[in-house]
> 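Quick one: this structure, given as structure tokens, is what I'll be asking you about.
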Amino acid sequence: MISSNQTKSLLEVIEKNEDPSAFADALGLLEKLITNIINNPNEDKFKHIKMTVKTLATRLFNIKQMAELLTSLGFIQLDQEFYLPDEELVKLLENFNTIKWQHILAQGRVDGPQQYQKAQEIVRQQQEVQRQYEKEQREKEKIQQQMKYDRQERSLVKEKDSKANDLQFGAKVKTCEQLGINKNTGKRG
């Protein structure tokens, strides 16, 4: 499986060899196509990227290494289209943020130095949020695993039946009947 670092490296190579504006536009379109797949994982029509569609041919497939990028994301080339099998959806999800962040940076470069600095800050913040989320998920998994081990350990320990202690100290409490109080009337006798 290709990692998000490998995807980032491939994107950086593509970016060096392409027109910045065309590259940013292609990544924006690719991000939209991937978002449609993620939002509609059971709809097969979104998993097909046809090279013959005019918009895709002129905005996406005008990038020389786009076929290589799509293949690295889990798509399979069938004649004039790319198809994402269900088992490759996880790979696509793992690489989605890399595509999104590279698109933000590429668009920032196109828009100028100030916009590029803003784009860098946005990406840095999103990456920090992602790292924090992953850290929390690892901690959650550790806690769940520990709970599982604790349950297993408790199931192996034989518990003793508890008995009430016969206390030999404290107040000598008597019931109403012992004092001769009738429960129904509340009077003695």
> When clusters are formed by joining ILVMFWY residues with side-chain heavy atoms under 4.5 Å apart, either directly or through shared neighbours, do Leu70 and Leu33 land in the same one?
yes
> Hey, is the main chain of Glu43 close enough, under 3.5 Å, to the side chain of Asn40 for a donor-acceptor pair?
no
> Do you know which two heavy atoms are closest between Leu69 and Leu30, and how far apart they sit?
CD2-CD2, 3.7 Å
> Go through the steps to decide whether Phe96 and Glu31 satisfy the test side-chain contact (heavy atoms from CB on, under 4.5 Å), and finish with yes or no.
CA-CA 8 Å; Phe96 177 67; Glu31 183 181 344; 3.9 Å; yes
> Apply the test side-chain contact (heavy atoms from CB on, under 4.5 Å) to residues Asn39 and Phe46: give CA-CA distance (whole Å), side-chain angles for both, the deciding distance (0.1 Å), then the verdict.
CA-CA 10 Å; Asn39 291 340; Phe46 293 112; over 6 Å; no
> Identify whether the distance between the nearest side-chain nitrogen and carboxylate oxygen of Glu139 and Lys142 falls below 4.0 Å.
yes
> Quick check: closest heavy atoms across Thr52 and Gln80, and the distance to 0.1 Å?
CG2-CB, 3.8 Å
> Using a distance-only test with no angle check, is there a side-chain donor-acceptor pair under 3.5 angstrom linking Trp101 and Gln127?
no
> Considering residues, nucleotides and ligands other than Gln114, do more than 12 of their heavy atoms fall under 6.0 Å from its CD?
no
> Which distance, rounded to the nearest 0.5 Å, do you find between the CG of Asp19 and the CG of Asn62?
9.0 Å
> Roughly how far, to the nearest 0.5 Å, is OG1 of Thr7 from CD of Glu12?
11.0 Å
> So which of Arg151, Gln146, Gln145 actually passes side-chain hydrogen bond (donor to acceptor under 3.5 Å, both in side chains) with Tyr149?
Gln145
> Decide salt bridge (Lys or Arg N to Asp or Glu O under 4.0 Å) for Glu128 and Arg131; before the verdict, give the C-alpha distance in whole Å, the side-chain angles of both, and the deciding distance to 0.1 Å.
CA-CA 5 Å; Glu128 183 58 36; Arg131 279 191 289 276; 3.2 Å; yes
> Inspect the contact between Arg124 and Glu121 and indicate whether a charged nitrogen and a carboxylate oxygen are less than 4.0 angstrom apart.
yes
> For Ala26 and Arg59, work out which heavy atoms get closest and say how close.
CB-O, 3.2 Å
> Does Asp79 CG have over 12 foreign heavy atoms under 6.0 Å away?
no
> Does Gln115 reach the side chain of Gln107, with side-chain heavy atoms less than 4.5 Å apart?
no
> Heavy atoms, side chains only, cut-off 4.5 Å: are Val13 and Gln65 in contact?
yes
> Can you tell me how far apart CG (Leu93) and CD (Glu88) are? Round to the nearest 0.5 Å.
11.5 Å
> Between Ala119 and Gly108, what is the shortest heavy-atom contact and its length?
CB-CA, 4.1 Å
> Examine distances only and state if a side-chain atom of Lys32 and a backbone atom of Leu27 form a donor-acceptor pair shorter than 3.5 Å.
no
> Which distance, rounded to the nearest 0.5 Å, do you find between the CG of Leu60 and the CG of Asp25?
9.0 Å
> What do the steps show when you test Phe23 against Arg109 for side-chain contact (heavy atoms from CB on, under 4.5 Å), and what is the final call?
CA-CA 11 Å; Phe23 179 69; Arg109 279 189 196 95; 5.8 Å; no
> Find out if a path of hydrophobic residues (ILVMFWY) with successive side-chain heavy-atom gaps under 4.5 Å connects Ile104 to Leu29.
no
> So how far is it from Glu68 CD to Ile63 CD1, rounded to the nearest 0.5 Å?
13.0 Å
> Can you name the nearest heavy-atom pair linking Ala24 to Val110, along with the distance?
CB-CG2, 4.1 Å
> Atom CG in Asn95, atom CD in Gln6: separation rounded to 0.5 Å?
9.0 Å
> Is any side-chain heavy atom of Met51 closer than 4.5 Å to one of Glu81?
no
> Inspect the contact between Lys118 and Asp111 and indicate whether a charged nitrogen and a carboxylate oxygen are less than 4.0 angstrom apart.
no
> Would Ile122 end up clustered with Leu105 when hydrophobic side chains under 4.5 Å apart are linked, directly or stepwise?
yes
> Decide yes or no on side-chain contact (heavy atoms from CB on, under 4.5 Å) for Asp86 and Lys47, but give the supporting numbers first.
CA-CA 9 Å; Asp86 290 339; Lys47 296 177 185 176; 2.2 Å; yes
> Through direct or indirect side-chain contacts below 4.5 angstrom among Ile, Leu, Val, Met, Phe, Trp and Tyr, which residues connect to Ile76?
Leu78, Tyr83
> Cluster question for you: counting only ILVMFWY and a side-chain heavy-atom cut-off of under 4.5 Å, with indirect links fine, are Ile34 and Ile14 together?
yes
> Among side-chain atoms of Gln130 and Glu134, is any donor-acceptor pair under 3.5 angstrom?
yes
> Quick check: closest heavy atoms across Leu89 and Pro41, and the distance to 0.1 Å?
CD2-CB, 3.9 Å
> For the backbone of Pro20 and the side chain of Glu15, can you confirm whether one donor and one acceptor N or O come within less than 3.5 Å of each other?
no
> My understanding is that only residues two or more places apart in sequence, or in another chain, count here; which of them pass salt bridge (Lys or Arg N to Asp or Glu O under 4.0 Å) with Glu153?
none
> Count I, L, V, M, F, W, Y as connected when their side-chain heavy atoms are under 4.5 Å apart, and connections chain through other members. Are Ile38 and Phe75 then in the same cluster?
yes
> If you define the side chain from C-beta out and look only at heavy atoms, does anything of Phe82 sit under 4.5 Å from Leu56?
no
